[in-house]
There are 2 protein chains.
Amino acid sequence: MRYSHQREAIKKIVQNTNCHPTADWIFNQTKIIIPNISLGTVYRNLKLLEEEGEMNTIYDGNIARYDWNTESHDHLKCKECGDLVDVHLVHEEFTSKVKRKFKFDVDNVEMTVIGTCSKHA
Amino acid sequence: MRYSHQREAIKKIVQNTNCHPTADWIFNQTKIIIPNISLGTVYRNLKLLEEEGEMNTIYDGNIARYDWNTESHDHLKCKECGDLVDVHLVHEEFTSKVKRKFKFDVDNVEMTVIGTCSKHA
DNA sequence: TCTATAACTAGTAATAATTCCTATTACTAG
DNA sequence: CTAGTAATAGGAATTATTACTAGTTATAGA
């Protein structure tokens with residue numbers, strides 16, 4: 001993959017946030033550095049970065065959010081504040097259980113737990 | 001909620017399929033019975049039916065799919081054939097574990113296991 | 001049965017999220 | 001350095017969904 005100023009900027013922005021930004025948020029942040037960048041470039045590079053294993057796409061309802069945390073993990077989503085928090089819930093034995101029970105080869109588990117966080121209980 | 005011919009048709013169509021149809025698929029099926037139905041009507045009624053607890057919305061990447069199975073359940077998604085199969089993987093003890101560990105009140109768990117089904121291994 | 005009314009509809013326009021297309025640019029080999 | 005070419009960029013187009021409006025229909029009560 002060839003070097004690109006735009007891609008580097010996008011990568012840094014995502015890596016320096018703890019929220020799980022949408023493409024639009026990343027686009028607006030990148031515009032501060034590269035004012036004439038286009039949204040298409042943001043999407044394309046996010047996809048490229050994901051393919052390179054530098055990033056993860058998570059779906060919050062039907063909108064994509066991007067996560068620099070590429071370790072396998074899950075999310076707690078508070079319906080009050082919308083906060084999305086990283087947690088590790090699905091373990092190795094789960095994968096082998098699914099394999100055994102359903103003859104299904106697991107690549108990846110996407111889990112979002114929806115509820116109320118301690119701040120809003 | 002008042003009776004509506006259109007809503008009844010939509011409900012029957014979703015309840016009689018084992019696939020997890022998109023709004024567009026449901027729209028096309030409903031058109032066979034009610035040729036001049038509009039896509040907006042389909043979306044509005046799917047939302048109403050979900051609020052009534054007659055249906056569930058699941059998100060497959062960034063498109064919505066509808067599921068008559070309102071029991072809490074999970075999905076196996078084959079990356080080869082795109083098939084989405086209902087399974088029951090998340091149990092009661094999981095919910096209480098999350099509550100204990102993260103002080104997080106669980107309403108609902110959305111889990112999709114992505115991998116390869118036995119037909120495409 | 002008839003009427004009032006509030007929920008509903010089709011159709012269209014708007015919005016939001018994402019992908020596609022074509023000119024431009026960076027890099028490589030000569 | 002220059003030409004060739006493949007990756008990249010910006011903007012237009014597409015897709016999915018929601019909002020709006022004017023007309024229609026189910027249903028409760030007179």
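Side chains included, hydrogens not; waters and symmetry mates left out as well; all remaining heavy atoms used. Residue numbers start from 1 in every chain, and the chains themselves are labelled A, B, ... in the order their sequence lines are given, proteins ahead of strands. All values reported here derive from a predicted model rather than from experimental measurement.
With rounding to the nearest 0.5 Å, the separation of NE2 in His88(A) from NZ in Lys101(B) is 8.0 Å.
Nearest-nucleotide mapping onto DNA chain D: of Ser38(A) and Thr22(B), the residue sitting toward the 5' end is Ser38(A).
Between Ile34(B) atom CD1 and dT24(D) atom C1' there is a gap of 14 Å when expressed in whole angstrom units. Atom CD1 in Ile37(A) sits about 15 Å away from atom P in dT25(C), given to the nearest Å. Put simply, CZ on Arg2(B) is 9 Å from P on dA7(C), counting in whole angstrom units. If you take CD of Glu8(A) and C1' of dA26(C), they are 15 Å apart, rounded to a whole angstrom. Rounded to an integer number of Å, the gap from Arg7(B) CZ to dT27(D) P is 10 Å. Put simply, CD on Glu51(A) is 11 Å from P on dT19(C), counting in whole angstrom units. The nearest whole Å value for the distance from the CZ atom in Phe27(B) to the P atom in dT12(C) is 12 Å. If you take CG of Asp60(B) and C1' of dA16(D), they are 14 Å apart, rounded to a whole angstrom.
Here the side chain of Thr17(A) pairs no donor or acceptor atom with the backbone of Val14(A) at under 3.5 angstrom.
Contact annotation for Tyr3(B): backbone-only contact, meaning every heavy-atom pair under 4.0 Å involves sugar-phosphate atoms and none involves a base. Using a 4.0 Å heavy-atom cutoff across all strands shown, Leu39(B) reaches at least one base atom of the nucleic acid. Thr41(A) comes within 4.0 angstrom of a base, heavy atoms only. Within the 4.0 angstrom heavy-atom criterion, no nucleotide atom of any strand lies near Asp24(B).
A sub-4.0 Å separation between OP1 or OP2 of dT18(D) and a side-chain N or O of Lys47(B) is present. Distances shorter than 4.0 Å separate none of the side-chain N or O atoms of Asn62(A) from OP1 or OP2 on dT18(C).
Side-chain to base pairing of Arg44(B) with dT18(D): no donor and acceptor N or O lie closer than 3.5 Å to each other.
Of the candidate nucleotides dT19(C), dA10(C), dA16(D), dT19(C) has the atom nearest to the side chain of Tyr43(A). Of all nucleotides listed (dT18(C), dA10(C), dG10(D)), dG10(D) comes nearest to the side chain of Gln6(A). The Ile63(B) side chain lies nearest to dA16(D) when the options are dA16(D), dT18(C), dA10(C).
Side chains of Asp86(A) and Asn69(A): a donor-acceptor N/O pair is present below 3.5 angstrom, by distance only.
In the displayed structure, Glu93(B) atom CD is contacted under 6.0 Å by more than 12 heavy atoms of other residues, nucleotides or ligands.
For Lys77(A) and Asp83(A), the salt-bridge test fails: no basic side-chain N is under 4.0 Å from an acidic carboxylate O.
The partner of dA4(C) is dT27(D), by the rule that a Watson-Crick or G-U pair needs both atom distances under 3.5 Å. Nucleotide dA23(C) forms a pair with dT8(D), judged by Watson-Crick or G-U wobble geometry with both contacts under 3.5 Å.
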